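Everything below concerns the one structure shown next.
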2 protein chains.
Amino acid sequence: MTNQHFSTKDRILSAAEDLFAKSGFAGASLRQVTSVANVNLAAVNYHFGSKENLINELFKRRLDELTAQRTKALEQVLKESSVTLESVLEAFVAPALTLAQDRGGGQSFVRLLARAFAEQDQRLRRFVSDNYGHVLKEFAKSISALLPHLAKEDLYWRLDFVSGALTYAMSDFGMIKKPPTLTEEQHRRNAARQFVRFAAAGLRAP
Amino acid sequence: MTNQHFSTKDRILSAAEDLFAKSGFAGASLRQVTSVANVNLAAVNYHFGSKENLINELFKRRLDELTAQRTKALEQVLKESSVTLESVLEAFVAPALTLAQDRGGGQSFVRLLARAFAEQDQRLRRFVSDNYGHVLKEFAKSISALLPHLAKEDLYWRLDFVSGALTYAMSDFGMIKKPPTLTEEQHRRNAARQFVRFAAAGLRAP
DNA sequence: CTACTATTCAAACACTTGTTTCATACAGTT
DNA sequence: AACTGTATGAAACAAGTGTTTGAATAGTAG
């Protein structure tokens, strides 16, 4: 039926992304997933081995792309002659917002990411931190260099707040809805601008 | 055995708070809850009617207290002659941090709150917003009055970021762990101070 | 074609889920 | 003392869970 021209694996991943974002990892069953994906129930265990492994592959698929784009954007910024706090933050948030707006299920994934952080589940948190923590460290280092007068402890607190603000805002639980007058592209740019201004000011707090 | 001097209802609520925070609403079963609470399985349905209703009562118990304290703190602040952005933010965050540090399961509840926001589940979100939205509006109004030059649209974005920063940071104080040299009380005050500084600066961003 | 592997499918597996039932125990009242 | 409503208990309920099985089907290389 739907997406019949995508592979079984991809259809499972997309359906799982949607349903896990909607109902949580425990809340969505493999029967729901395979039903939406138009795939036999056994296909999940055949292609992914287990439900838990499906979840990991799901994160891998998106995060590999996200961290690659973030790394590229940061490198680009650091190459310029005048590196500003705003430009570093922009390099961090722009790829995420692009993903959040991607038509191919990226929206669901961003919500899934927020959920993963809310999960106390240590396995998933370790998986994310092990595989993608180094990028975050790169950003932290760049930001630290731009705020030489800021005590390390203060910096850590504020980076924490910044992460929270971004995670929360991106998964659009927030009040902010795209007004009909704006295109998605404009809304995305607007969100990025708002976030960068807020985060930069917060990081520079006296 | 444990907490035998608490009522069955209270023991269920406490155990549920812990387990739901740890594993999510779908992830923790009533059998786990009743086992931890040292209570018969049927007691949940007897005292609360259903699992869903148990969840609601759980939120009610904590949020009633939290919103009451926030309202009181805000009124106190607004009574003073010089109301600052910092003092309003302090009134908002202090009760939450007190709760987050409460020994009687408040820590779990705060994590639960973060999880509830991550839930796409509309029933729970409506329950929270219906019953406790008015307090948030009060704070938004007070903050708006203190930032007369800020466009409404900008204000909404920034309040969104502030909520995110707080939710995320509170849900287990993010990366920030209490150093052993500090008492919990000191750590709490520190967190509040850090948050207020960050949020105030972000809200005042040029 | 044949042989072979990779994939799909329906059915079953063993187990857990929230909820209900009904018998039992324990108050407090008359 | 018997009666009453509240609370607890063990057991069962139907439905849903992730996973496994073994046969049926494509699809491909020799």
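What you see is a predicted model; the values in this text were computed from it and never measured. Any value given below was found using the heavy atoms of this structure, including those in side chains, with hydrogens, waters and symmetry copies removed. Residue numbers begin at 1 in each chain, while the letters A, B, ... track the order of the sequences.
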d([atom1], [X]; [atom2], [N]) in whole Å:
X: E52(B); N: dG18(C); atom1: CD; atom2: C1'; answer: 12 Å
X: Q32(B); N: dT16(C); atom1: CD; atom2: P; answer: 11 Å
X: F48(A); N: dG18(D); atom1: CZ; atom2: C1'; answer: 15 Å
X: L54(B); N: dG18(C); atom1: CG; atom2: P; answer: 10 Å
X: L30(A); N: dT17(C); atom1: CG; atom2: C1'; answer: 15 Å
X: I12(A); N: dC9(C); atom1: CD1; atom2: P; answer: 11 Å
X: N45(B); N: dT17(C); atom1: CG; atom2: P; answer: 14 Å

- Shortest non-hydrogen contact between L85(B) and A200(B), atoms and distance: CD2-O, 3.8 Å
- Query: Is any side-chain N of the basic residue among K9(A) and E57(A) closer than 4.0 Å to the acidic one's carboxylate O?
  - Reply: no
- Check step by step if side-chain contact (heavy atoms from CB on, under 4.5 Å) holds for N190(A) and W157(B). CA-CA 10 Å; N190(A) 195 28; W157(B) 276 103; 3.9 Å; yes
- Item | Presence of donor-acceptor pair under 3.5 Å, side chain of R31(A) and base of dG18(D) | yes
- Counting only side-chain N and O atoms of S29(B), is one of them less than 4.0 Å from OP1 or OP2 of dT17(C)? yes
- Message: Closest approach to the side chain of S50(A), judged atom by atom: which nucleotide of dT19(C), dG18(C), dT19(D) is it?
- Response: dT19(D)
- Does the side-chain hydrogen bond (donor to acceptor under 3.5 Å, both in side chains) test come out yes or no for Q194(B) and D160(A), once each step is laid out? CA-CA 11 Å; Q194(B) 290 281 2; D160(A) 225 19; over 6 Å; no
- Message: Evaluate V33(B) against K51(B) for side-chain contact (heavy atoms from CB on, under 4.5 Å), listing each step before the verdict.
- Response: CA-CA 11 Å; V33(B) 170; K51(B) 182 180 187 177; over 6 Å; no
Below 3.5 Å is the cut-off: list the nitrogen or oxygen pairs between protein and nucleotides 7-11 of chain D, distance only.
residue : atom : partner : partner atom : Å
dA7(D)  : OP2  : Y46(B)  : OH           : 3.0
dT8(D)  : OP1  : T8(B)   : OG1          : 2.5
dT8(D)  : OP2  : H47(B)  : NE2          : 2.8
dG9(D)  : OP2  : N40(B)  : N            : 3.4

- Message: Under 6.0 Å between ring centres: does that hold for F59(A) and Y132(A)?
- Response: no
